[in-house]
Structures are given as structure tokens and as C-alpha cells.
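It should be emphasised that the depicted structure is a prediction, and the values quoted were computed from it without experimental measurement. For ligands, and for the atoms within them, numbers begin at 1 and follow the listed sequence.
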Amino acid sequence: MAEKKYDAKDIVVLEGLEAVRLRPGMYIGTTGSKGMHHLLWEIVDNAIDEISNGYGDTITITINTDNSVTVEDNGRGIPVDEHPTLHKSGVEVVYTTLHAGGKFNTENYKFSGGLHGVGASVTNALSKWCNVTVYKGGKEYYIGFHSYMDENGKMHSGVPVEPIKMVGKTNKSGTKVTFLPDSEMFGNLKFNFETICSRAKELAFLNKGLKIKLVDLNSDREELYHYEGGISDFVEYLAEGKSKLFSTPIYFHGEDKNFDLEVAFIYTDSYTESFFSFVNNIPTIEGGTHETGFRSAFTKVMNDYARSNNFLKDKEPNLLGEDFREGITCVLNVKMNNVQFEGQTKTKLGNPEAKTLVESITLRQLSAILRDKKSSSKAEVIVNKAKGAAKVREAAKKAKELTRAKNSAENFNLVGKLAASTSKNRENAELFIVEGDSAGGSAKQGRDRRFQAILPLRGKPLNAEKKRIDQVLANEEIRTIISALNTGIGEDFDLSSLRYNKVIILSDADQDGAHIRAILLTFFFRYMRELINDGHVFIGLPPLYKVYKKEYSEYVYSDNELPDAIARAGRNYNLQRYKGLGEMNPEQLWDTTMDPAKRNLIQVTIEDAAQAERMVTTLMGDDIEARKKYINEYANFDKEDEFLKNYKKI
Ligand code: 28F
């Protein structure tokens with residue numbers, strides 16, 4: 001059962017920090033790499049809160065060689081004087097009290113990203129040691145915390161070594177924190193420079209003007225992220241590699257009591273919608289009330305514009321929201337208090353007031369922009385794009401009706417390549433989408449035909465990013481998948497008609513395989529998102545090696561496991577490297593990859609699919625130069641498949 005995360009409303013009881021060690025999952029999600037990085041983001045969140053309230057402009061993050069991390073800002077410095085009721089310095093309160101943020105928020109800060117997080121005390125609780133230096137009023141202060149087990153075996157977490165003390169003079173102002181994640185909690189996990197870079201970059205986009213400097217002392221790498229254009233720069237970055245329909249994004253912002261909204265968007269010649277929303281710097285992947293409010297206001301403002309400027313005749317119906325959103329790349333950034341996150345991954349905004357506030361701000365600001373003559377060429381581009389989308393939508397609807405009307409013979413043709421399963425029971429039915437005809441052949445012979453169906457894919461199925469919905473429907477590979485699953489797509493998607501409980505993508509463990517997988521995930525992400533959300537999409541994990549001797553053989557699924565497997569085999573072993581699924585005979589494929597009792601599957605999450613989508617978008621947009629650049633920078637074809645490398649098997 002998934003453990004519940006704390007909400008802001010739960011800030012009442014002040015548990016000791018030991019509670020954090022007993023149930024780390026409740027505070028940081030996992031004790032894996034993501035959880036360890038979470039310790040860092042808690043500290044960074046506090047620095048960002050300080051800076052976004054107008055104090056300081058720079059955060060420096062340094063990965064030290066002992067796997068400790070240092071975060072420093074040039075804000076006011078955490079208060080060092082004694083807290084009136086708790087009789088500890090402000091710093092000690094912040095670092096030893098769970099949810100300390102909640103007690104102070106409204107007075108000192110307009111909004112706090114830390115409201116969603118659980119605060120610096122959690123980082124302290126899960127660190128071996130944590131040192132805080134405050135530069136304030138011409139003086140430098142220091143306090144150290146540590147976690148240890150006493151003689152009686154009792155754990156003490158994040159306790160001060162001594163009270164805070166003044167250690168010298170300074171002309172600096174700000175806060176500096178260094179902590180070492182406790183290896184008792186996180187094993188020998190290491191901080192990852194790239195992971196930190198990509199989140200830091202996102203934070204720099206979301207907080208205009210903020211400078212984030214990153215230093216990795218293990219590799220001497222450095223990065224600086226700083227965007228004076230904020231989310232407008234973000235939108236341009238996201239649209240990189242696509243052909244833009246006008247040169248600079250449309251941007252507006254507005255506020256209300258305890259509510260800030262900013263929106264930036266641009267259009268590209270893509271046929272799909274790329275929408276990224278954030279609340280208090282947290283990506284709201286599942287959307288929510290703020291997105292709903294924006295969509296409804298956006299559609300209304302655009303239709304009003306189209307009508308009053310004679311782009312729509314009196315007798316013509318309004319354009320739909322989806323028409324106006326075709327080809328949009330949009331970032332929506334909300335800062336607010338008392339957020340309620342809902343949904344499967346707690347990434348959906350639930351606050352009803354967010355809908356009305358975003359709606360009214362958007363109505364006001366966007367109509368003002370469109371009234372300005374300077375925007376008229378952009379507005380015209382958007383309306384024309386939407387009219388094109390509406391035309392295609394009408395045509396696709398007719399085409400679909402035609403397809404439905406035709407007899408099922410054609411449908412039968414479509415699934416001709418599918419080797420169906422014999423049992424009609426959906427509960428344990430599985431569909432394997434297999435890369436290549438030869439692997440498909442082996443899978444057909446090796447499978448348990450009672451519940452496993454095989455669909456071989458020839459070459460790469462089309463890139464779902466580039467095509468309009470009607471073209472997607474026309475692609476044979478995709479049509480075969482759609483008919484096999486039986487759910488319909490897009491607005492028509494109906495999960496209850498799904499024929500297979502597990503949809504398993506089986507592609508080679510190389511870059512081509514990764515590419516095919518990314519395209520399929522992008523297709524599911526865009527047209528069958530519920531299939532992923534409801535947990536039906538999986539990646540099958542083929543072995544990379546077989547280590548064997550006369551009487552002994554073992555399959556190995558990752559490079560990491562190879563040395564141990566060789567050790568187990570002992571001397572005079574043979575090593576076979578599988579370059580692709582096609583090299584396995586039917587029995588081997590069944591044994592290693594298809595047999596439910598032995599195989600390794602990775603369940604695809606919506607984040608995985610979103611990431612795949614981003615890769616496909618960047619790799620396969622229209623801008624050839626950007627594509628080349630991307631391939632040169634990121635796609636090293638000798639490298640082992642990154643997706644598989646980063647995932648735990650289930
Ligand atoms: C490297 C991490 O944590 N920076 C922070 C401040 C500044 C204030 C503050 C923080 C008020 C009493 C709770 C200063 N002066 N960087 C950071 N900078 N927290 S955290 O206040 C915290 C609350 O304790 C601050 C006046 N008001 C607030």
C-alpha cells in the first residue's frame with residue numbers, strides 16, 4: 001500500500017526527528033536515489049523561498065567529494081535569535097522541528113514551496129551530520145547537528161552538537177548548509193550532477209532572475225542557470241527543435257491575494273499540445289484546477305477575438321479548445337498557499353479557487369494583450385492554426401465514421417499480424433509488442449498461447465509527435481495496436497474495453513530499441529494516457545548475457561550484475577552477449593523474458609512516458625540542426641540504454 005504523504009493541514013503535531021528515520025518513505029518517498037536528492041531540494045526550496053521574497057539572488061550548490069552537498073544563498077540569513085516560545089535559535093527551530101515552515105509561513109513569506117515539502121529538519125534527520133552557517137548583521141554564526149546511536153542503542157537524529165554561536169565577523173549575508181546523507185539510510189548512493197542540473201535549470205526558469213550555480217568537485221564541472229526571461233525562456237527552450245509560428249512567446253502575469261499566476265506560450269507547426277504546469281515550483285503532471293481554469297478562459301478569449309475580428313462568420317460555430325491548443329507549447333506557473341495535491345501521483349492541483357482565479361486573470365490579461373495592435377499578427381496565426389485544426393477534426397470525424405461503418409473484415413486485416421491468445425479472460429491476458437519480425441516469430445512460438453498475444457513490429461512505427469491525429473490513425477503499425485487493444489484513442493478512449501491487462505513492450509537493449517520504445521510510449525502518452533495511469537504498460541527486460549558452463553548457466557540482465565554472475569560460474573566459463581531479441585530461440589525467449597514466473601518487467605509510470613515524449617520531441621522535431629546537436633550531445637550509440645540502466649526491476 002502506498003504510504004500517505006503529509007499535507008500542510010497535517011502540521012499540528014510536532015514529532016521528534018526519530019519519526020523521520022522510522023518511516024522515511026512518509027517524508028521523502030523513497031530511500032533510493034530520488035529520496036536522497038529530495039534532501040537537497042528541501043534545502044534549496046528554503047533558499048528559493050528567501051530569494052523569491054526579494055532577498056538575495058544567487059544559490060550555489062556544490063557536490064563535495066565525500067558525497068556531502070553544500071547549499072549557499074545570499075539572503076538575509078536564517079534568524080539566529082531565540083524563538084519566543086521554543087527557547088531555541090531560529091536556525092535550531094528550522095532544523096529540528098518537523099514542518100517548522102508551517103508555523104512561520106504567512107508572516108514572513110507570501111508563499112512557500114516548502115509548504116509542500118516537509119522542511120530542512122527532514123534533511124537534518126536523515127543526515128549523518130549537517131552544518132549550518134549564517135551570515136547576518138556583520139557576524140558569522142555556526143551550528144552543527146549530528147545523528148548517532150547512544151550506548152543503549154537508541155537513535156538520536158539531527159541533534160545540535162552545541163547551541164548556535166558567533167564565530168567571527170563577515171561582510172556577507174545569507175545561509176550556508178552542508179549535509180552528508182546518512183549511509184545507514186541511503187547506502188552508497190551518490191549525488192548525480194546531471195539530475196541536479198536538470199532540476200536546477202527548471203527552477204531557474206520558474207524563478208525569473210534567480211541564479212543557480214552548480215559545482216561538482218568530483219569532476220570539476222560547473223554550470224550556471226539564470227534566465228531573465230523566466231518562463232518565456234522556458235517556452236522557447238521547450239520549443240527548440242520545432243518550427244515556431246511567431247518569434248517571441250506571449251506572456252502575461254497577474255495576482256490576487258496569496259495567488260500569483262504567470263503564463264507563457266508559443267505556437268509551433270506541431271499538431272499536438274505541450275502543456276507544462278507548476279504549482280510552487282512543483283510540476284503538476286496530472287494537471288488540475290489551474291489548468292482547467294486556463295483552458296476555459298483561453299478558449300473563450302480566443303473565440304471572442306476570432307468573432308470580433310471576423311475570422312469566424314456569424315453562422316460558423318465556435319472553435320473548440322483543442323483546436324486552439326493544437327501546436328501550443330505552454331508553461332503555466334502558479335504560486336499559492338494551502339495547496340491540495342490529489343491524483344495517483346499527488347501531482348494534480350485540487351484547490352477549487354485556483355480554477356476561478358486563473359480563469360479571471362487569464363480573461364483579463366489575455367484579452368488586454370489581444371486588444372493591443374502589436375499582438376494582432378500573433379493572434380491571426382493562432383486563429384488560422386485553430387481553423388486548420390477544426391477542419392481536420394471534422395474530416396477525421398467523417399473518416400472515423402466511415403471506418404466504423406465498414407464491415408469488420410478490414411478490422412480483421414488490421415490485426416492480421418497479431419497472434420491472438422486463445423483464452424478470452426482479460427484478467428491475465430498479455431499483449432507483447434515485439435521489435436522485429438524475427439523476434440516476433442520466436443515470441444509466437446515460445447509464448448503461452450492461452451493468455452499471451454504477440455504483435456511483431458516491423459521497423460520503427462511512426463513518430464506520433466509529428467503527425468496529425470488522422471495521420472496517426474492511418475499508420476498501419478499504430479492501427480494494429482489500436483485495434484488489438486480495442487480501447488479507441490484520445491477522447492474516445494475507453495479503458496473498460498481493454499482486451500489485455502498487461503501491454504508489454506519488448507525491444508532490444510540498444511539505442512534503436514530505446515528509440516522504438518520511446519515512440520510507443522509517446523503514442524500511449526498522447527493518445528492512451530489512461531492506459532499508463534492505470535498501470536497497464538510495461539517494458540520487458542531481455543537478458544544482456546548468458547554465463548554458462550557444461551552443467552551451469554545463468555542469464556544476466558544488466559552490466560552491473562555481470563561480475564557477480566561470472567564469479568558464481570567460476571573458472572572456464574563461457575560468455576554469450578545478446579545483441580538483440582532476435583538472437584534468442586523461442587525457448588530462450590520464453591525462459592528469460594516472457595515466463596511470468598521468471599521474467600523482469602518494468603512498469604511504466606506517467607513520468608517515464610513524459611520523459612520519453614520529451615526525447616522524441618527533441619530528437620524528431622523538424623529542426624534538423626537542433627536534432628543533430630541533440631544526437632551529438634546525448635545519443636552516444638555505444639552507451640548502454642539509459643532508461644534500462646536507471647530502473648529497478650520488478
Ligand atoms: C541554504 C539554505 O535556508 N535560506 C533561508 C531564510 C531567511 C529567513 C528565514 C530562511 C523565520 C523564523 C522561521 C530571515 N530574516 N538557505 C536557506 N533564509 N528562513 S531559510 O526565516 C525562517 C522563519 O524562523 C528570514 C527575517 N525573516 C526570515
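Between Y148 and H146, the angle of the ring planes lies from 30° to 60°, which puts this pair in the tilted group.
Inspection of the N192 and H37 side chains reveals no N or O donor paired with an N or O acceptor under 3.5 Å. With no hydrogens or angles considered, a side-chain donor-acceptor pair links T347 and E286 at under 3.5 Å.
Within a 6.0 Å radius of CG in N152, other residues, nucleotides and ligands contribute more than 12 heavy atoms.
Checked against N64 for a side-chain hydrogen bond (donor to acceptor under 3.5 Å, both in side chains), the options N218, T70, T178 give a single hit: T70.
Not a single heavy atom of G75 sits closer than 4.0 Å to an atom of ligand 1. Using a 4.0 Å cutoff on heavy atoms, K136 counts as a contact of ligand 1. Within the 4.0 Å heavy-atom shell around ligand 1 one finds G77. Look at V93 and you'll find every heavy atom at least 4.0 Å from all atoms of ligand 1.
Short contacts between ligand 1 and V71, defined as distances under 4.0 Å to a heavy atom of the residue, involve ligand atoms 1 (C). Shown in contact with I43 at under 4.0 Å from a heavy atom are these atoms of ligand 1, numbered in order with element: 1 (C), 2 (C). Ligand 1 places these atoms under 4.0 Å from at least one heavy atom of T175: 1 (C), 4 (N), 5 (C), 16 (N), 17 (C), 18 (N).
A 4.5 Å side-chain heavy-atom check between F179 and N124 finds every atom pair outside the cut-off.
Between N74, D73, T133, it is D73 that holds the heavy atom closest to atom 17 (C) of ligand 1.
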